[in-house]
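Scroll down for the structure; my scribbles are underneath it.
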2 protein chains.
Amino acid sequence: MKSLRHSIPEASVERLSLYARELGRLDRQGVAFISSKRLGEALGLTDAQVRRDLSYVGQFGKSGRGYEVQRLQTALSRTLGIEGRVWSVALAGVGNLGSALLAYRGFQERGFVFRVAVDSDPAKVGQVVQGVTIAPSHQLSELARRHQVHIGILTVPSETAQRVCDQLIAGGVRAIVNFAPAHLDVPASVRLRNMDLAIELEALAFYLGTEQPRRRPTP
Amino acid sequence: MKSLRHSIPEASVERLSLYARELGRLDRQGVAFISSKRLGEALGLTDAQVRRDLSYVGQFGKSGRGYEVQRLQTALSRTLGIEGRVWSVALAGVGNLGSALLAYRGFQERGFVFRVAVDSDPAKVGQVVQGVTIAPSHQLSELARRHQVHIGILTVPSETAQRVCDQLIAGGVRAIVNFAPAHLDVPASVRLRNMDLAIELEALAFYLGTEQPRRRPTP
DNA sequence: CACTGTGAATGCATTCACAGCG
DNA sequence: CGCTGTGAATGCATTCACAGTG
């Protein structure tokens, strides 16, 4: 199990999460068995890829019938670490984006609970947003440690992102999602994921190519 | 140039955007030349990777000195299609997340301008957010066509995501960013990128492993 | 029969390592 | 020198294709 955990390719890990979600839907619809082909069709993947990914988790398929939905879902949740367990999350930066994340119900449903929120704006400190009291930024590492925060989410300006990130790490946080458009330096023991919409847009712009360009109005 | 465009590996395209941003910073700091080694250090990449990526754009380095910051930045912006040009963006779903994206200044700075916003809530229709008037959802494809929207951003609930996506495509949009936790079916001519925070969190949970788990309180 | 699970083959992306250049 | 640009080598991820199974 432990050795298995680290042998799953990174790309597959992300898809395991997709499978788990889709299996939840199927289960709610009363579907008991699903083939790799149909599961793949629902998610835009090939049947071969589905089988390969699922093979990392174990052997849950039945020849000629497919995968038992509930059983596979349980196995995936366990592998992903979201089964019967709560992950504590800290949010740094309660601006527009941070507030939107706090308000999103989907996370709690999957076992991710905001326990800490901080902001550098004194006017925001003390406010209660979605049941979480906003604390001042300088308390971040202490609060992270006290609440045993597992995951930190950064929605702060680029200029302060590295500093805030360091505080999370000082508070024992070993997994971070960064929304700031900046590169963060973290030790190898810390897992970092960047969500950068500007980069997504620019990648799309690249593929759109040079068609139908309109001049930017000169200021 | 055209043939070059489609021969750049997808993974490199995303990094080109990183390079462009970092070069902007360096330029503002008055740096005139930068080596692949130092550029890589600033972004958490190896020098070899930086050189390989930049080689897809052209030969802009000078032996023994590195890359001329301004010249390289211009070349990258041109390649990415963000030079002297505006890309029209439509937002579908003006909830918490959608509002946060509308309010974010970073996009406009890089040439992405929201020209259309729609929401299915009649109470929101007519409101002006960040200078954009919210229109009713059923007008999406018509508005997308009229404003020649290039990129659509979906911040709607999963259940309606496919329908709204289809309307964007019907309106001529060929690039879409999807924030809904759902798989979207699009024709091969449409470029789709998914931003799914729940999946990021679950991937992190996987890597955090089984240490320090706390039981979810039974309801 | 309809399916899985997986070796083997392929296709990408990254890294190595070095010739070549100012 | 110090650095780029790039063939060649390596390392991952995906896809093929089929033996094996209930």
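Residue numbers start from 1 in every chain, and the chains themselves are labelled A, B, ... in the order their sequence lines are given, proteins ahead of strands.
- Side-chain atoms of B:Ser35 lie closest to D:dT4 of the nucleotides D:dT4, C:dT14, D:dT14.
- Separating the CG atom of A:Leu45 from the P atom of D:dT15 is a distance of 9 Å, rounded to the nearest angstrom.
- The distance from atom CD of B:Glu14 to atom C1' of C:dA13 is 13 Å, rounded to the nearest whole Å.
- The side chain of A:Gln49 sits closest to D:dT15 out of D:dT15, C:dT15, C:dT14.
- Judged by distance alone with a 3.5 Å cut-off, a donor-acceptor contact links the side chain of A:Arg52 to the base of D:dT15.
- Put simply, CZ on B:Phe60 is 9 Å from P on D:dG5, counting in whole angstrom units.
- Heavy-atom distances to DNA chain C give each of A:Gly66 and A:Ser55 a nearest nucleotide, and the one nearer the 5′ end belongs to A:Gly66.
- In the set C:dT6, D:dT6, C:dT14, C:dT6 carries the atom at the smallest distance from any side-chain atom of A:Gln59.
- Comparing A:Asp53 and B:Lys37 by the nucleotide of DNA chain D whose heavy atom lies nearest to each, the residue mapping closer to the 5' end is B:Lys37.
- Contact annotation for A:Gly61: backbone-only contact, meaning every heavy-atom pair under 4.0 Å involves sugar-phosphate atoms and none involves a base.
- Checked for salt-bridge contact, A:Glu41 and A:Arg38 miss the test: no charged N lies under 4.0 Å from a carboxylate O.
- Taking atom CD1 on A:Ile8 and atom C1' on C:dG5, their separation rounds to 15 Å, with Å as the unit.
- Surrounding CD of B:Gln70 are at most 12 heavy atoms belonging to other residues, nucleotides or ligands under 6.0 Å away.
- Within 4.0 Å (heavy atoms only), B:Arg38 reaches no atom of the nucleic acid at all.
- The side-chain heavy atoms of B:Cys165 and B:Leu154, taken from C-beta on, include a pair separated by under 4.5 Å.
- Between the CG atom of B:Leu54 and the P atom of D:dG5 there is a distance of 8 Å, rounded to whole Å.
- In this structure, A:Arg65 places its CZ atom 13 Å from C1' of C:dT4, rounding to the nearest Å.
- The side chain of B:Ala48 approaches C:dC16 more closely than any other nucleotide in the set C:dC16, D:dT4, C:dT14.
- Interface remark: the B:Ser63 side chain does not form any donor-acceptor pair with the D:dT4 base, using a distance-only criterion of under 3.5 Å.
- A:Arg191 has a carboxylate O that lies under 4.0 Å from a charged side-chain N of A:Glu10, or vice versa, which qualifies the two as a salt bridge.
- Regarding B:Leu72, its CG atom lies at a distance of 16 Å from the P atom of D:dC3, rounded to whole Å.
- Atom CZ in A:Arg51 sits about 15 Å away from atom P in D:dA19, given to the nearest Å.
- A:Asp166 and A:Gln162 share a side-chain donor-acceptor pair at under 3.5 Å.
- Of the two residues near DNA chain D, B:Tyr67 and A:Glu10, the one whose nearest nucleotide lies more 5' is B:Tyr67.
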